[in-house]
Every structure is written in C-alpha cells, then in structure tokens.
2 protein chains.
Amino acid sequence: MDDIDLKIIGLLALDAKRSLADIGGSVGLSPSSVNERIRRLTASGAIRQFTVDLDPAAMGVQTLVFVWIALREDADEAAFRDYAARHPLILECHHVTGAWAYLVKLRVGAPPEIEGFLAELKAHRYLGRSETVIALSSPVPGPFVPKES
Amino acid sequence: MDDIDLKIIGLLALDAKRSLADIGGSVGLSPSSVNERIRRLTASGAIRQFTVDLDPAAMGVQTLVFVWIALREDADEAAFRDYAARHPLILECHHVTGAWAYLVKLRVGAPPEIEGFLAELKAHRYLGRSETVIALSSPVPGPFVPKES
DNA sequence: AAGGCCATGGATGACATCGACCTTAAAATA
DNA sequence: TATTTTAAGGTCGATGTCATCCATGGCCTT
C-alpha cells in the first residue's frame, strides 16, 4: 500500500468507471500495472467492492434518522445485531461508548415511518429506552448505498 | 423509476462491475436497454456516482467517532458547513434536531487524534460545546468512501 | 549471483457504446 | 368510437475501446 495505491484508490472513489489507461496516465503507470494493483487491493480486502452512490431522495428515503438505543436487560444482544444487519432500513449500527449502548442510522420516506420502526424494535423485545434524532439538513451527507433487499 | 430500475440499482450496489449483458440476463433485458437505463439513472441524478467501498482498517482509519456539536453563539454557520465539507476526516455532517446542533461523523487512526480534531474546531472558533462518542464495534458498519484529498 | 517483485508491451477476446429499425401504448384528431 | 400521430423504450448488429492475460525484462534485496 504505497502512495500510488492511495492515488488509485482516490481516483476510483471519485469515479470507479475511469479506464485503466486513464488512471495509468494520472499516476504514471501502464494500464496493466494499474490493473494488477487494483486486483491486489481487491484481493487483500482493502477494496471491499465496486458500488454505486445513490440519491436518497430519488430512492424515496429522504428522511435521515439516528436512534440511540439502550437494549432491554433481558435482550439477546447477538440476535439484535443480526437483526440490525438484515434490516433493510438500518444503514449503520454501532456499539458505542457513553450513556447509550447502540447508535443506529436509518433512512425512511417520512417521519411517521419512524414510529413503525420503533414499534418493531419493541415487538422484538430489544428496545429498552431510545432517543430519536432527525437530520434537518446535511452539509456533508455521505454516500448512500441501499442494503440488499 | 420502475421495478426494473430498482432491480438494476440493487445489482449495481452489490457489484458495479457486472457486465451489462450479465445484468440484462438478471432483469430480462438486452445489454443496450440496461445501458440506456443506467445512463438515464445517472443523468437524472438517481445514481450519483460509481465508486468503491473500502476497508477503513486497511486505510489506517480504524476508529469511528461521532461528535455532537453546539456552535459558538458568534460562529459563522455557513463557514462551518463549508469547513466540514472540505475536511478530509469528516465523513458526514448533519444538522439535527434535539439538544445539539450538529452531528459529525469522522474516522481517525486512533483516539488521540480526536483531540487534535476538537482543538482544530476550537481554533476556528466554531466549537461551543461538544460530546464525543466512540464506536467500539459496528454490527452494521456501512460503506466507507474516503473524501477527496 | 540468484530470486522475487513489479512494470511493460502486445495479443486477444469481451465489452460498452452507438445508430437504425421495430414494437407498443398513449394521445390527439376526425 | 375509430384512426392517425407521436413518443418512449426495446432489440439487433457493427464498431472501436477496453480489460485481461502472458511472456519478457529491469531492479532491488538477500
């Protein structure tokens, strides 16, 4: 992982469709060499996948929500993590320091849907207490890649 | 934006390198039609860009941090948003409801670097109060696409 | 001196891309 | 209501670019 690898990654992050010849011209290598480096980066796991960054609004999920979660005392934590991984709305789920146990990030079409999500958590007996925060706007939105349906 | 478009998007999200013929086989269309649909989705902005999802650990930024921020009373809010957009460590920045004004998500190599980040915010006279939350683990990590350097 | 690592260049087959033509469905007019 | 018009999207085929692979050669390390 040298400077050239980083440069290639930077270029791919901006536009993964650029040709190997094009990238090679930018970093001073032949197309073959760039291809070999990308192959190695992918094989080593540094590049997890080639994907698309989508517009949440176009996908009908304009509303970005963060939910702080404290699990029930008797909740099956492993089951919750698995549930989170499979849930199509949950884009991220992190076990965090501080007063709350988990921070969950999700996208929904509109605020009323949040209620359904919380009800679902409750029905599964995961939810102890929670606090919901809604994003009003996003100066830096970050990429949006939908989960497998 | 019909069901086929959604299917194509789903396939691209999982692997943007699949050939048009391959995708066409999965959705029942010719390669040309798939190409035309992807072209339209990109032109309309539904697909923002083709990119790569990276392993944060391989990129040397294992530590995921969320910082709640209340700006100083006299802070230039527009300047802060611009600053956040340009900052290479800041992956996301959202204006949120609740007790805090902004939620910032960033990745660093190790916890000590957080201190430098907060000092930088203070030096720019943006920071009123803040609260830092560190992710211990991530059942659902979400994609990682580094910012332009 | 020898071995491994990486870049190069060329051959090859797959692929994206484009244009011409066709089908279908909806809109417009009689 | 029936008929014509128009537009949108699909297929097919041609073309040129591109990714991919392999043999070769240089460079650094041990």
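In this text, all values refer to a predicted model and were calculated from it rather than measured experimentally. Below, chains carry the letters A, B, ... as their sequence lines are ordered, and counting in each starts from 1.
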Identify every side-chain donor-acceptor pair in residues 54-68 of chain A under 3.5 Å, counting partners at least two apart or on other chains, and give the distances.
from: A/D55; atom 1: OD1; to: A/A57; atom 2: N; distance (Å): 3.2
from: A/T63; atom 1: OG1; to: A/G109; atom 2: O; distance (Å): 3.4

With A/H124 via ring pair (Phe, Tyr, Trp, His ring centres under 6.0 Å) - residues at least two apart: A/Y83, A/Y126

Interface with DNA chain C, restricted to residues 11-22 of chain A and to heavy atoms under 4.0 Å: none

Rounded interatomic separation in angstrom, taking CZ from A/R40 and C1' from C/dC6: 7 Å

Rounded interatomic separation in angstrom, taking CZ from B/R37 and P from C/dA16: 17 Å

Candidate nucleotides D/dT20, C/dG9, D/dC12, ranked by approach to the side chain of B/S32 - the nearest: D/dC12

Side-chain donor-acceptor contact under 3.5 Å, B/S137 with A/R81: yes

A/R18-A/S26 side chain donor-acceptor pair, cut-off 3.5 Å: yes

Atom-pair distance (CG on A/D5; C1' on C/dA7), nearest Å: 13 Å

d(CD1, B/I38; P, C/dA16) in whole Å: 9 Å

Nucleotide of D/dT20, C/dC6, D/dT11 approaching B/S33 most closely (side-chain heavy atoms): D/dT11

Contact check, side chains of B/I9 and B/L41, non-hydrogen atoms, under 4.5 Å: yes

d(CD1, A/I4; P, C/dC6) in whole Å: 12 Å

Interatomic distance, A/L29 CG vs C/dC6 P [rounded to whole Å]: 12 Å

N/O (side chain, A/N35) to phosphate O (OP1/OP2, D/dA19) under 4.0 Å: no

Rounded distance [0.5 Å steps], OG1 in A/T51 versus CG in B/L12: 8.0 Å

Nearest listed nucleotide, side chain of A/S30, among D/dG10, C/dA7, C/dT17: C/dA7

A/R39 side chain near D/dC21 phosphate (N/O to OP1/OP2, under 4.0 Å): no

For atom CE of B/M1 and atom P of D/dG9, their distance in whole Å: 13 Å

Integer-rounded Å distance: C/dT23 P and B/E36 CD: 20 Å

A/R107 to A/F144 six-membered ring, cation-pi geometry met (6.0 Å, 45°): yes

